[in-house]
2 protein chains.
Amino acid sequence: MYIEDYQKSRYLVIIDKLKEEIDRGNLTAGERLPSETELAKNFKVSRSTVREALRALEQENIVTKKHGIGTFINQKPLYSNGIEELFSVTDLIQRKGYTPGTKLIFSDYIIPNKHEKQKLSLKDNEKILLVKRIRTSNGEPLVYCIDKVPQYLLPNECKLDRESIFDFLEAKVNIKIDYATTSIGTTSYLPEISDALKCDMDTPLLVLKQSHYDENDQLVLYSINYFRSDNFNFHVFRKRLK
Amino acid sequence: MYIEDYQKSRYLVIIDKLKEEIDRGNLTAGERLPSETELAKNFKVSRSTVREALRALEQENIVTKKHGIGTFINQKPLYSNGIEELFSVTDLIQRKGYTPGTKLIFSDYIIPNKHEKQKLSLKDNEKILLVKRIRTSNGEPLVYCIDKVPQYLLPNECKLDRESIFDFLEAKVNIKIDYATTSIGTTSYLPEISDALKCDMDTPLLVLKQSHYDENDQLVLYSINYFRSDNFNFHVFRKRLK
DNA sequence: ACGGATTTGTTCGTATGTATA
DNA sequence: CTATACATACGAACAAATCCG
């Protein structure tokens, strides 16, 4: 009987219901929601619970609250490639509806140089697995990926050559990548990389250097991704503070 | 007497106090905060208020809460140029401790082309103010800015040649820019722009195309910024969802 | 310009649920 | 199993912003 809604907090249920209303078109862009008091009455919960739900929706940029006026459905649905959400290259390609592929260039354990040692905060004698791959989207080269993982995190002999590193770490080693700090820059023609991506000397590359952390704030993966930027952009939603 | 702390909500005060403790080093990275109940007792507020403060700090990526364990100061210092926060180029330069400057290239009202008309959702006959400027940091050219503002938003004859457009719109026209949707890409050498930025043919440019909206979701400014990327990176904090 | 009605913001106190050590 | 810590939920009160007659 009460198996149905078992263990789902009320405010989460309200979020789902409101999102459904929006998807279904009963609530459209720019429209004002019923007041918090009204919503509370409708959903038969307290105003606090409604506010909890609205807060989450505001954080997702789905609604905007205005003091003394009301809560409004946002104009901009956004969700393009919002770069502020961390996903693997595999995910990135799949979300665009394309088929991801991988060409392995290099994969082996190496002795880290000073810079790598510092980035991954390694002790002496600790090696890293260095993987270089070209990721393709429907067969077309899109990204040149260089990934570095400390050896001590990995099972023996593992080469990480095929699958998504994110998926592998999660499935086989039980490491969940939680967040990353990323720097975004560019570079001009680099022989090794530009040629592999089949782009000419005039095509600059978009470079993402990322330090990935797990849920315990351990740095588990440092990666450099070179994107062909002629047919590729990232998007960010930027919000003014204060 | 009571003029001092006039009208500042308690949770904001708590946020400031906790940040101060962190800055001062009394609370260091990785450390666990006192429990919510304890903090409430210390600050002489209810636990709800403490939670309100902690929620905000979590959103700013300053602390992480773990169910049943505690609240922890984050490892990562974060936000150098967190691009997810929207600020003007003037702010950007000032935050780095440099002195911003401006060289005006062009400023006049023009009849928009089809693309501009669509981007700014203009009616027929509506002109736009087109401004092209080089922004300098301690005298060195850093960004080439192209800004487009619908004429009907501006006072007569205004040319926006000197100051920050953000500041001008806020101070003189009472338009507050609230958020922007941004695409990040690159471009190779462009004569007009690369030369102005004094960079050679091998230096790619980082391109930010931004649609700026005010608090009523009105598109008020479309801008294209070309950054010299040889001495400049953006940073993003990317978080995994789910 | 004023006042009252509406709406969101802040704070409190309390109770109960759930995760972790 | 128990104590601790965070998560969810309720209801109440007052503050502050906005709107409208």
Side-chain angles (χ1 to χ4, degrees), chain A residues 2-18 27 30-59 61-74 174 176 178 214-217 241-242, chain B residues 2-3 5-18 27 30-59 61-74 174 176 178 214-217 242:
Chain A
Y2 40 72
I3 291 172
E4 197 41 68
D5 238 7
Y6 182 54
Q7 89 179 144
K8 185 152 191 182
S9 20
R10 301 194 186 181
Y11 81 95
L12 289 177
V13 174
I14 293 180
I15 289 174
D16 288 342
K17 285 185 179 173
L18 288 174
L27 294 170
E31 198 172 334
R32 214 203 82 193
L33 289 180
S35 76
E36 295 176 351
T37 321
E38 252 176 291
L39 287 174
K41 207 181 296 174
N42 294 160
F43 290 127
K44 298 191 200 314
V45 298
S46 72
R47 190 182 149 213
S48 324
T49 304
V50 170
R51 281 180 64 74
E52 193 62 37
L54 292 181
R55 184 198 317 266
L57 289 172
E58 185 174 36
Q59 217 170 320
N61 282 312
I62 292 175
V63 304
T64 299
K65 312 219 287 171
K66 298 188 183 179
H67 192 166
I69 313 183
T71 304
F72 300 83
I73 310 285
N74 279 345
N174 197 29
K176 283 181 194 155
D178 188 40
D214 71 4
E215 292 165 320
N216 302 315
D217 297 316
L241 294 189
K242 239 187 45 65
Chain B
Y2 41 72
I3 291 174
D5 234 10
Y6 183 54
Q7 87 179 147
K8 186 153 191 183
S9 11
R10 303 192 187 181
Y11 80 97
L12 290 177
V13 175
I14 293 180
I15 289 174
D16 288 342
K17 286 186 180 171
L18 288 174
L27 294 171
E31 198 172 334
R32 214 202 84 193
L33 290 180
S35 76
E36 296 177 350
T37 320
E38 253 177 292
L39 287 173
K41 207 181 295 173
N42 293 161
F43 290 127
K44 299 194 202 312
V45 298
S46 75
R47 197 185 140 207
S48 325
T49 304
V50 170
R51 282 180 63 75
E52 195 64 35
L54 293 181
R55 183 192 324 262
L57 289 172
E58 185 174 36
Q59 216 170 321
N61 284 313
I62 293 174
V63 304
T64 299
K65 309 217 275 178
K66 299 190 184 176
H67 193 161
I69 313 185
T71 303
F72 299 83
I73 311 284
N74 279 344
N174 197 31
K176 283 179 193 152
D178 188 40
D214 72 3
E215 292 167 319
N216 303 313
D217 297 315
K242 233 192 47 67

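Order of the sequence lines fixes the chain letters, A, B, ..., with proteins taken first and strands second; residue numbering starts at 1 for each chain.
- Protein atom CG of B/Leu39 is 14 Å distant from nucleotide atom C1' of D/dT4, rounded to whole Å.
- Across all strands shown, A/Thr71 has heavy atoms under 4.0 Å from sugar-phosphate atoms exclusively, and none from any base.
- Residue contacts for A/Ser48: at a heavy-atom cut-off of 4.0 Å it reaches a base atom on one of the strands shown.
- Nucleotides of DNA chain D nearest to A/Ile69 and A/Ser46 differ in position, and the one nearer the 5' end is that of A/Ser46.
- Listed pair B/Lys65 / D/dA5 fails the phosphate criterion, with no side-chain N or O lying under 4.0 Å from OP1 or OP2.
- Note on A/Arg32: only backbone sugar-phosphate atoms sit closer than 4.0 angstrom, heavy atoms only; bases stay farther off.
- Checked against D/dT8, D/dG11, C/dT10, the side chain of A/Tyr11 finds its nearest nucleotide in D/dT8.
- The shortest non-hydrogen separation linking A/Lys8 to A/Val13 is CG-CG2, 4.0 Å.
- The residue among A/Leu54 and B/Leu12 whose nearest nucleotide of DNA chain C is located toward the 5' end is A/Leu54.
- If B/Ser35 and A/Lys44 are placed on DNA chain D by their nearest nucleotide, the residue sitting closer to the 5' end is B/Ser35.
- Side-chain contact between A/Leu18 and A/Ile62: absent, with no pair of heavy atoms (C-beta onward) separated by less than 4.5 Å.
- When distances are taken from the side chain of B/His67 to each of C/dG17, C/dT10, D/dT8, the shortest belongs to C/dG17.
- Atom CZ in B/Arg51 sits about 18 Å away from atom P in C/dG9, given to the nearest Å.
- One finds a side-chain N or O of A/Arg10 lying less than 4.0 angstrom from the OP1 or OP2 phosphate oxygen of D/dC10.
- A 4.5 Å side-chain heavy-atom check between B/Lys176 and B/Asp214 finds every atom pair outside the cut-off.
- Residue B/Lys66 places none of its side-chain N or O atoms closer than 4.0 Å to OP1 or OP2 of C/dA19.
- Across the protein-nucleic acid pair, A/Arg47 atom CZ and C/dC12 atom P stand 16 Å apart, rounded to whole Å.
- Within the 4.0 Å cut-off from OP1 or OP2 of C/dT10, not a single side-chain nitrogen or oxygen of B/Thr49 is found.
- For the pair A/Glu52 CD and D/dC6 C1', the computed distance is 13 Å after rounding to whole Å.
- The distance from atom CD1 of B/Ile14 to atom C1' of C/dT10 is 12 Å, rounded to the nearest whole Å.
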